[in-house]
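See structure below.
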Amino acid sequence: MKILILNGPNLNMLGAREPEIYGDQTLDDIKGLCLETAEKLGQAIDFRQSNHEGELVEWIQGAREGFDGLVINAAGYTHTSVAIHDALKLLDIPVIEVHLSNPKEREEFRHTSYVEPVAAEVIVGQGAKGYALALEKLGELL
Ligand code: DQA
């Protein structure tokens, strides 16, 4: 079972970025947790981050081949990107939306998600553990 894990803009700054909201774990720490969880579940993961919307769109398009599931934290693009929404609609593999914080309990501009309508499950407010929960959910679904 091969899972693509995508991270959007500014998540490369975790650790330094608003630790009171996102915690002090870095994206590398989260990758480590994902690798550990995936190994236990017998999954192979490909963990990526980009600050560029078009690159994320291309990676999502590419997931049509060779991947069984997708975990995505689209970060700020969650609330703005019709392009990411459209790309996700191309997929016939399950998509799990993850956020470290709970965007719906934050500023109003974070309350809309363009990922949510195409997600099989949305996991919010669990910090880094949310990624592990997303892999477990995919393990159940697949
Ligand atoms: C986030 C929430 C988004 O609103 C924000 O723009 C992020 C991180 C989260 O993981 O909590 O960059 O996706």
Side-chain angles (χ1 to χ4, degrees), residues 1-15 17-107 109-142:
M1 198 188 300
K2 196 151 177 222
I3 312 296
L4 180 60
I5 305 177
L6 293 183
N7 294 280
N10 300 305
L11 293 173
N12 56 316
M13 300 306 290
L14 287 176
R17 179 187 178 203
E18 300 176 274
E20 66 289 357
I21 295 175
Y22 299 116
D24 46 24
Q25 282 182 298
T26 65
L27 196 61
D28 257 358
D29 295 333
I30 295 178
K31 183 179 176 179
L33 174 67
C34 287
L35 283 167
E36 223 174 83
T37 308
E39 199 183 343
K40 276 188 212 140
L41 296 169
Q43 300 167 341
I45 60 161
D46 186 341
F47 189 96
R48 305 182 198 168
Q49 188 273 335
S50 179
N51 291 321
H52 302 279
E53 186 175 18
E55 187 163 40
L56 291 161
V57 166
E58 285 173 3
W59 285 343
I60 294 165
Q61 292 174 0
R64 283 158 58 85
E65 275 174 33
F67 289 98
D68 304 299
L70 175 73
V71 175
I72 183 164
N73 182 350
Y77 288 139
T78 307
H79 318 299
T80 62
S81 182
V82 175
I84 287 177
H85 170 92
D86 288 344
L88 290 169
K89 279 184 95 170
L90 282 164
L91 299 179
D92 51 15
I93 56 174
V95 174
I96 311 287
E97 176 179 8
V98 172
H99 298 283
L100 298 157
S101 66
N102 183 352
K104 293 203 172 26
E105 287 180 350
R106 298 177 60 194
E107 304 96 318
F109 61 82
R110 295 184 203 276
H111 292 188
T112 300
S113 167
Y114 287 90
V115 175
E116 193 174 333
V118 289
E121 182 96 7
V122 181
I123 298 171
V124 299
Q126 309 254 21
K129 197 176 120 207
Y131 285 75
L133 295 173
L135 292 176
E136 281 170 15
K137 188 71 208 174
L138 283 175
E140 282 165 33
L141 290 175
L142 290 166

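Sequential numbering from 1 along the given sequence is applied to the chain's residues.
Atom CD of Glu39 has 12 or fewer heavy atoms from other residues, nucleotides or ligands within 6.0 Å. The environment of CG in Asp24 is sparse: at most 12 heavy-atom neighbours from other residues, nucleotides or ligands sit within 6.0 Å. A 6.0 Å sphere centred on CD of Glu20 holds more than 12 heavy atoms belonging to other residues, nucleotides or ligands.
Between the side chain of Gln49 and the main chain of Gly8, a donor-acceptor pair closer than 3.5 Å is present. The closest donor-acceptor contact from the side chain of Thr78 to the backbone of Ala75 lies under 3.5 Å. Remark: the backbone N or O of Leu90 is paired with a side-chain donor or acceptor of Arg64 at under 3.5 angstrom. In this structure, Asp68 contributes its side chain and Ile93 its backbone to no donor-acceptor pair below 3.5 Å.
Side-chain contact between Ile3 and Val71: present, with at least one pair of heavy atoms (C-beta onward) separated by less than 4.5 Å. The closest side-chain heavy-atom distance from Thr26 to Lys31 is not below 4.5 Å. With a 4.5 Å cut-off on side-chain heavy atoms, Ile30 and Phe47 count as touching. Between Leu91 and Phe67, the closest side-chain pair of non-hydrogen atoms is not below 4.5 Å. Residues His79 and Glu107 form no side-chain contact, since every pair of their non-hydrogen atoms from C-beta on lies 4.5 Å or further apart. Counting heavy atoms from C-beta outward, Leu88 and Pro117 have side chains that stay 4.5 Å or more apart.
Atom CG of Asp29 and atom SG of Cys34 lie 11.0 Å apart (nearest 0.5 Å). Rounded to the nearest 0.5 Å, atoms CG (Leu100) and CD1 (Ile21) are 11.0 Å apart. Once rounded to the nearest 0.5 Å, the distance linking NE2 of His111 with CD of Glu105 reads 8.5 Å. Rounding to the nearest 0.5 angstrom, the gap separating the OG atom in Ser101 from the CD atom in Glu18 is 9.0 Å. Within the model, atoms CD of Glu53 and OG1 of Thr80 stand 6.0 Å from one another, a figure rounded to the nearest 0.5 Å. Interatomic distance, His99 NE2 to Gln126 CD, rounded to the nearest 0.5 Å: 13.0 Å.
Ring geometry, Tyr114 versus His85: the interplanar angle exceeds 60°, so the pair is classed perpendicular (tilted spans 30 to 60°).
Across all non-hydrogen atoms, the minimal contact from Val124 to Pro103 is CG1-CD, 4.0 Å. Contact record, Ile96 with Ala134: CG2-CB, 3.7 Å, taken as the closest heavy-atom pair. Nearest heavy atom pair, residue Leu56 against residue Pro9, reads CD1-CD, 4.3 Å. The shortest heavy-atom contact between Leu4 and Ala63 is CD2-CB, 3.8 Å.
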Identify all side-chain donor-acceptor contacts of residues 135-142 below 3.5 Å with residues at least two apart in sequence or on another chain.
unit_1	atom_1	unit_2	atom_2	d
Lys137	NZ	Glu140	OE1	3.4

>> Does Tyr131 form a side chain to side chain donor-acceptor pair (under 3.5 Å) with Asn7? I'd like the steps, not just the answer.
In response: CA-CA 11 Å; Tyr131 285 75; Asn7 294 280; 2.6 Å; yes
> Leu11 and Arg17: side chain to side chain contact (heavy atoms under 4.5 Å, CB included), yes or no, with the steps?
Replying inline: CA-CA 8 Å; Leu11 293 173; Arg17 179 187 178 203; 3.8 Å; yes
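Residues satisfying the side-chain hydrogen bond (donor to acceptor under 3.5 Å, both in side chains) test with Glu58, not counting sequence neighbours, are none.
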